[in-house]
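In what follows, a single structure is set out as structure tokens and then discussed.
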Amino acid sequence: DVMINNAGIMPVTALVDESDASIKRQLDINVYGVILGIQLAIARMRPRGSGHIVNIASQAGKTAIPGIATYSGTKHAVVGISEAVRAELSR
């Protein structure tokens with residue numbers, strides 16, 4: 001089994017001008033959506049004893065890009081979450 005977790009939206013705007021609604025929506029989709037997807041995949045893969053989860057983060061998860069600070073932050077979160085879950089599951 002393979003689950004490709006490609007949750008993400010990317011409004012382009014300077015952080016100072018970004019609305020609270022935009023920030024919350026990105027966090028909900030880009031971070032919470034990824035976490036929920038991972039949990040659901042693990043719940044289905046664990047009884048089978050196998051499976052792969054692929055989380056898509058984008059280059060913005062490794063570098064800082066002006067105009068997409070919130071998006072970049074959410075993708076940094078995806079990278080960190082992915083690394084932590086990998087360590088948890090590889091025990």
Side-chain angles (χ1 to χ4, degrees):
D1 294 316
V2 176
M3 192 273 279
I4 308 295
N5 207 350
N6 193 30
I9 59 168
M10 186 182 73
V12 178
T13 186
L15 183 63
V16 70
D17 298 323
E18 190 167 11
S19 71
D20 189 54
S22 174
I23 294 167
K24 287 179 180 178
R25 186 163 185 254
Q26 286 180 81
L27 290 169
D28 190 41
I29 293 170
N30 299 6
V31 180
Y32 179 71
V34 169
I35 292 170
L36 181 60
I38 292 168
Q39 288 179 316
L40 293 170
I42 291 170
R44 286 158 179 80
M45 293 174 182
R46 184 172 271 160
R48 296 180 182 111
S50 67
H52 299 279
I53 299 170
V54 178
N55 295 318
I56 307 298
S58 93
Q59 191 59 31
K62 295 283 190 174
T63 59
I65 302 169
I68 57 169
T70 300
Y71 175 80
S72 183
T74 66
K75 293 306 177 173
H76 274 77
V78 170
V79 171
I81 292 163
S82 299
E83 291 174 0
V85 172
R86 181 178 184 184
E88 287 178 11
L89 296 175
S90 66
R91 291 183 186 167

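Only heavy atoms go into these numbers, but all of them, side chains included; no hydrogens, no water, no symmetry mates.
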Apply salt bridge (charged side-chain N to carboxylate O under 4.0 Å, His left out) to residues R44 and D1 and explain how you reach the verdict.
CA-CA 9 Å; R44 286 158 179 80; D1 294 316; over 6 Å; no
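- Tracing side-chain contacts under 4.5 Å through hydrophobic residues (I, L, V, M, F, W, Y), one never reaches I68 starting from V79; they form parts of separate clusters.
- Considering every non-hydrogen atom in both A64 and P66, the closest pair reads O-CD, 4.0 Å.
- Linking ILVMFWY side-chain heavy atoms closer than 4.5 Å, directly or via other members, places I65 and Y71 in a single hydrophobic cluster.
- Cluster membership for I53 and V85, using ILVMFWY side-chain heavy atoms within less than 4.5 angstrom, is shared.
- Side-chain contact check for L15 versus T70: some heavy-atom pair is nearer than 4.5 Å.
- A donor-acceptor pair under 3.5 Å links the side-chain atoms of S90 to the main chain of R86, judged by distance alone.
- When all heavy atoms of S72 and A60 are compared, the closest pair comes out as OG-O, 2.8 Å.
- Linking Ile, Leu, Val, Met, Phe, Trp and Tyr whenever their side-chain heavy atoms come within less than 4.5 Å puts V31 and I23 in one cluster.
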Applying salt bridge (charged side-chain N to carboxylate O under 4.0 Å, His left out) to K24 and D28, what does each step give before you reach the verdict?
CA-CA 6 Å; K24 287 179 180 178; D28 190 41; over 6 Å; no
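- The two atoms that bring L89 and R46 nearest to each other are CD2-NH2, 3.5 Å, heavy atoms only.
- Between the CD1 atom of I81 and the CD atom of E88 there is a distance of 10.5 Å, given to the nearest 0.5 Å.
- The side-chain contact (heavy atoms from CB on, under 4.5 Å) test with N5 singles out one residue from I56, I35, I38, L36, and that residue is I38.
- Considering CG of N30 and NE2 of H76, their distance stands at 13.5 Å, rounded to 0.5 Å.
- Shortest non-hydrogen contact noted between T13 and D17 is OG1-CB, 3.8 Å.
- Side chain of T74 to main chain of L27: no donor-acceptor pair is present (N/O by atom type, distance under 3.5 Å, no hydrogens or angles).
- At least one side-chain heavy atom of M3 sits under 4.5 Å from a side-chain heavy atom of M45.
- Here the closest heavy-atom approach between residue P11 and residue Q26 is recorded as CD-CD, 3.4 Å.
- The shortest heavy-atom contact between I29 and A7 is O-CB, 3.5 Å.
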